[in-house]
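First comes the structure, then the notes that go with it.
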Protein chains: 4
Amino acid sequence: MIIIMKTGASNDQIDHVVAKIEQLGCRVDISHGEEKTIIGVIGNGRPLDREQIERWDGVSQTVPILKPFKLASRDFHPVNTVVEVGDVRLGGDEVVVIAGPCAVESRGQVIETAHAVKEAGAKILRGGAYKPRTSPYSFQGLGEEALEILALAKQETGLPIITEVMEPQMVPLVTVYADILQVGARNMQNFALLHAVGEAHRPVLLKRSMMSTIEELLMAAEYILSHGNQNVILCERGIRTFETYTRFTLDINAVPVLKKLSHLPVFVDPSHATGKWELVEPISRAAIAAGADGLEIEVHPRPEEALSDSAQSLKPTRFNELMRGLKPVTQAVGRSL
Amino acid sequence: MIIIMKTGASNDQIDHVVAKIEQLGCRVDISHGEEKTIIGVIGNGRPLDREQIERWDGVSQTVPILKPFKLASRDFHPVNTVVEVGDVRLGGDEVVVIAGPCAVESRGQVIETAHAVKEAGAKILRGGAYKPRTSPYSFQGLGEEALEILALAKQETGLPIITEVMEPQMVPLVTVYADILQVGARNMQNFALLHAVGEAHRPVLLKRSMMSTIEELLMAAEYILSHGNQNVILCERGIRTFETYTRFTLDINAVPVLKKLSHLPVFVDPSHATGKWELVEPISRAAIAAGADGLEIEVHPRPEEALSDSAQSLKPTRFNELMRGLKPVTQAVGRSL
Amino acid sequence: MIIIMKTGASNDQIDHVVAKIEQLGCRVDISHGEEKTIIGVIGNGRPLDREQIERWDGVSQTVPILKPFKLASRDFHPVNTVVEVGDVRLGGDEVVVIAGPCAVESRGQVIETAHAVKEAGAKILRGGAYKPRTSPYSFQGLGEEALEILALAKQETGLPIITEVMEPQMVPLVTVYADILQVGARNMQNFALLHAVGEAHRPVLLKRSMMSTIEELLMAAEYILSHGNQNVILCERGIRTFETYTRFTLDINAVPVLKKLSHLPVFVDPSHATGKWELVEPISRAAIAAGADGLEIEVHPRPEEALSDSAQSLKPTRFNELMRGLKPVTQAVGRSL
Amino acid sequence: MIIIMKTGASNDQIDHVVAKIEQLGCRVDISHGEEKTIIGVIGNGRPLDREQIERWDGVSQTVPILKPFKLASRDFHPVNTVVEVGDVRLGGDEVVVIAGPCAVESRGQVIETAHAVKEAGAKILRGGAYKPRTSPYSFQGLGEEALEILALAKQETGLPIITEVMEPQMVPLVTVYADILQVGARNMQNFALLHAVGEAHRPVLLKRSMMSTIEELLMAAEYILSHGNQNVILCERGIRTFETYTRFTLDINAVPVLKKLSHLPVFVDPSHATGKWELVEPISRAAIAAGADGLEIEVHPRPEEALSDSAQSLKPTRFNELMRGLKPVTQAVGRSL
């Protein structure tokens, strides 16, 4: 960290800052400029509280030098993490597509969708058992019944299952059924939940909150990693901006940025990021072209009857076309599907 | 709801939409325009799924007419809700100030602060026992020990206590100690938590998420109200924008908007909304002038040693000045402090 | 337009609204709902002022049905517009890359860059003569001298020239030299400038403002089109969001949305949209995969000495690699480079 | 400026950076940390290009220490600037209210409004002669005829006039009629216009762009100041965020921040910042309570017939009430009206 003193800070103030920093077990290197004095802090590995230091007398601002995340950082783990789920490898050479309905509504709906997405080339089945809904009057999910339906679909098709956990105490039950635990965008900073999935023995797909920076996403991943779970998949799903034509704005820049900063696999959810089914295909292509390791796409056999997210769900035939169009794009960037 | 058909929608498509709407128990009123046909839907009280309907053949868009919240709406409850906590009335004529440290750090720190803020005119003591922190390496709060310290401070000063709940299973324990349960901004859409506090027998101060619209805040309040708890206090605490000089951007417009749309008390947290202690005083004045029913302010005896939010915490002397300066502003808008 | 009356609007109020609408030469269709009365307005082709109508007694809100732009809309012009510049076709099957330095700094710099980008496959040369700079103390461009240097580069390489116009009175001079006039993001709503380039006899590349919606971009294009210039190229270059790791956030969703709403060619500027040269390549691929008709990329022979935008400029060797990597992506989406 | 070298930067790279900085006429102070080397640059008064330096080999990032604006900064001009217009003092003890119609529509409309706002206590009359409109099909203003109407209103009431300039070449003509030149939000970074008003002999009211940071507003003011015009008034008028209930989000934090960073008067436009007339009164109070030096408010005798901004215009009677309610708030913060 660098501490920049105010113009006109007194020698007493400077000495006081130096003394306090040394008490914290760090060393300092002082640079007296024409207008300002700069104190370089040479750390001892423990993080310092920048806000606290900025309240000290004579201090103008502090500048962090090291990134606030370590376990998620490529600096300390240069090789890509590959998360293995059965024989599916997320973050490897192959692009992996997760597909399925937003919410599990019935056995028939899920089985039909599972067969369709498998045939089109999806490798993992998604389906929500518990749904975070903005309105208390909306469909909230079938709960454990949904988990059983997903298990049945897995048995029939062999597709591993991903489903969302919304509360820490749900984790044990969902872990029984799911191959991957999903943490939704609205829970990205539900720290109790991050702690719980950090201790679970299942990979976690962590969605970026619609209002979180890239760094905050990596800090949320750090929570999970620091509790022992190394199998974290990051997922960009659109951020909130002033644009209203689409539901969210996909931050496509985040894909190469996350690949650069972190060793973790990076997925994109084009369904939530656009909120409109007719945009899912071009945005899926863009995500793969930008370097994403995979996609999570909503598919519903009859979107006009879907109990949630009907606007953004693809019919199986459209999903099939999407997958066929995606293949040459994956090859163009040196990968396969 | 109004359904706007596409230009050139066929009679068959129109008939099909009408039939489906009537199956759902609603009546329709059709208007054939020069370019488009409009179908007015006269409801039966149950909400319709707009996204689903927009997937029907020939439908261009739908337009909601009624607000999606009812219990929180002033339309159905014109009189202001006043939440009573001991002999403090939130949402009444008097402006109420909640003050105290961001996090409970020690018995001494809390007792000292409690006496100071009481003397300055604060009516309720705040203090965090469990802290949602962006970094897993930051101070996470003292937990139950903190709750006991808050109880002691209440005993000494008579000030009611407000503290944050972060998980549904925390609610019973926190309810033992707290007079008001706080739901933090990052948990505004933690629906399991909203459900749990909706069944608790304590008033709830619900903070607007940094990424949520005013309507989403009211929908979150609706969750709590619909589970039986009528004592909800709304709190604007800054939204995330592109401006980086301040930590968040206080949405001052939200104060009169919330007062107009809802009967619930509206508070403002100028500490989080600015992130800088020197802005807390002018923004506190602005909030009251805009019609806020109260404030929640962070006060710490020694901000330069605070374990969290040091940048935005006021020293007791500054808080005292703030309260003295606030008094004439409350009077200028016909209220008292 | 649809006019939604307030709950409890009186018959007098309704009659009054109907009378005023009819005075404006429109017909109405009234639907009496359980709670609200809806008045469908059947227009006479002239736009009505929604804000004004919303101030009439008893009116709750109005809902537009038709889009506010016509000339830019695909509804009225279903076939793609192809802008021809010499033998380069923008908006046709081939993807077109515009490249060159942010600012013209010297003859040597421009000639060297022009040769390099031509060899790599760029079809048009960019270079700023007049630079909009946030600081009055930054380099403001060489002005007419720069235009002459660009003309020389065109003569040597045969590449058409694109350069920015910043004021209406600049248009005649810049038109002498430039094959395409560029309207920068900060001038997207400089209506006097839009008027002037609308009367110029040169194609216009119109950049989306960092703060404008997709609809506002199309309205700005409408200004140019309505003044007689049909050769408008739209360009997404990143919008401003809360994310700070990148300079702007590329709104990749805007690419397929603009292609759907409008017949005009859609370009992407990955240099400004990211602000970091190492992100330009993956984002260029993503833009093409999403359906963009072309790219505008900053290239500088020695970015570490560039007088503006050094952080986002590619060296010629990197640009060459980018172009080679882009080729298979264009083919994967059925186009060529 | 501080230059932070990459972890593992070689001695050669460090020496190279030092040599280049010294060539630029600056001195350096080197601090070798455990992980990184930090180079403090002790300047010679001329700004360095941070982006350029960040492209040098071995450099990780740079950190600015001094603010990029000087003339607008309170650091170099601690005393408040008071702008005098006739006997009205903007930025002094008295709060000044500017009021009038969005656009000049007719002689009658302006004269009626001018008398009404004067009687209610406004000190300056606003009215648009040239209107920047999003749609080319909207009313664009009466031009010079409007300027003559404003002059007449000034003659009748004695109120000084403020009106918007949209292009550099308009400045001479508008200067003939106007006492204050207004630069609108969409032109805040129209640098040619800033240059032109910087050379004009009239005070300038500079509106913050809806997508500009506080620092960018101050840089725009710096343009005007650096061209010789010291009479600049800053005006916050709402920024663009994801909230859609209001037209913009008033950044109330900006008021005390601007007062702290700059010596220039700070105004607030509650009409544009909210877009709804019923919010103008509470937000006006909030602005004054936060420390604003004045307000600019839209008033129209018959908003339901206004040719622009009808939704946010107050009727004279409401404006009169607003002014009466504002008086005690100004007194509560130690000012007068």
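Per chain, numbering begins at 1; letters A, B, ... match sequence-line order.
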Could you measure the distance from the NE2 atom of C:His195 to the CD atom of D:Glu167? Nearest 0.5 Å is fine. 9.5 Å

D:Glu215, part contacting chain C, at a heavy-atom distance under 4.5 Å: neither

Roughly how far, to the nearest 0.5 Å, is OG of D:Ser212 from CZ of C:Arg186? 7.5 Å

In terms of heavy-atom pairs under 4.5 Å, which option from D:Thr241, D:Ile239, D:Asn190 contacts chain C the most? D:Asn190

Checking C:Arg55 side chain against D:Ala306 main chain: does a donor-acceptor pair fall under 3.5 Å? no

Please determine whether the number of non-hydrogen atoms from other residues, nucleotides or ligands lying under 6.0 Å from atom NE2 of C:His16 exceeds 12. no

Residue among D:Arg50, D:Met166, D:Gln169 with most heavy-atom pairs under 4.5 Å to chain C: D:Gln169

Start with the C-alpha distance between C:Lys20 and D:Glu304, add both sets of side-chain angles, then the distance that settles salt bridge (charged side-chain N to carboxylate O under 4.0 Å, His left out), and finish with yes or no. CA-CA 11 Å; C:Lys20 286 177 99 162; D:Glu304 67 282 7; 5.7 Å; no

Could you look at C:Arg302 and say if it's the side chain, the backbone, both or neither that has a heavy atom under 4.5 Å from chain D? neither

Less than 4.5 Å to any heavy atom of chain D: does that hold for the side chain of C:Pro68, its backbone, both, or neither? backbone

Checking side-chain contact (heavy atoms from CB on, under 4.5 Å) for the pair C:Ser209/D:Met211: CA distance, chi angles, key distance, verdict? CA-CA 9 Å; C:Ser209 153; D:Met211 212 64 173; over 6 Å; no

Using non-hydrogen atoms and a 4.5 Å limit, figure out which bit of C:Glu222 sits close to chain D: side chain, backbone, both or neither. both

Among C:Ala220, C:Ser310, C:Pro168, C:Ala311, the residue with the most heavy-atom pairs under 4.5 Å to chain D is C:Ser310

Pick from C:Gln52, C:Gln312, C:Met219, C:Glu305 with the largest number of heavy-atom pairs that fall under 4.5 Å of chain D: C:Gln52

Kindly compute the distance separating NZ (D:Lys276) from CD (C:Glu51), expressed to the nearest 0.5 Å. 9.5 Å

Nearest 0.5 Å, what's the CG-CD distance between C:Asn187 and D:Gln189? 10.0 Å

If you count heavy-atom pairs under 4.5 Å between each of C:Asp57, C:Leu193, C:Asp49 and chain D, which one has the most? C:Asp49

Hey, which of C:Ala192, C:Ser308, C:Pro303 has the most heavy atom pairs under 4.5 Å with chain D? C:Pro303

Option that, when pairs with chain D are counted at under 4.5 Å, heavy atom only, ranks first among C:Glu54, C:Arg240, C:Met188, C:Glu216: C:Arg240

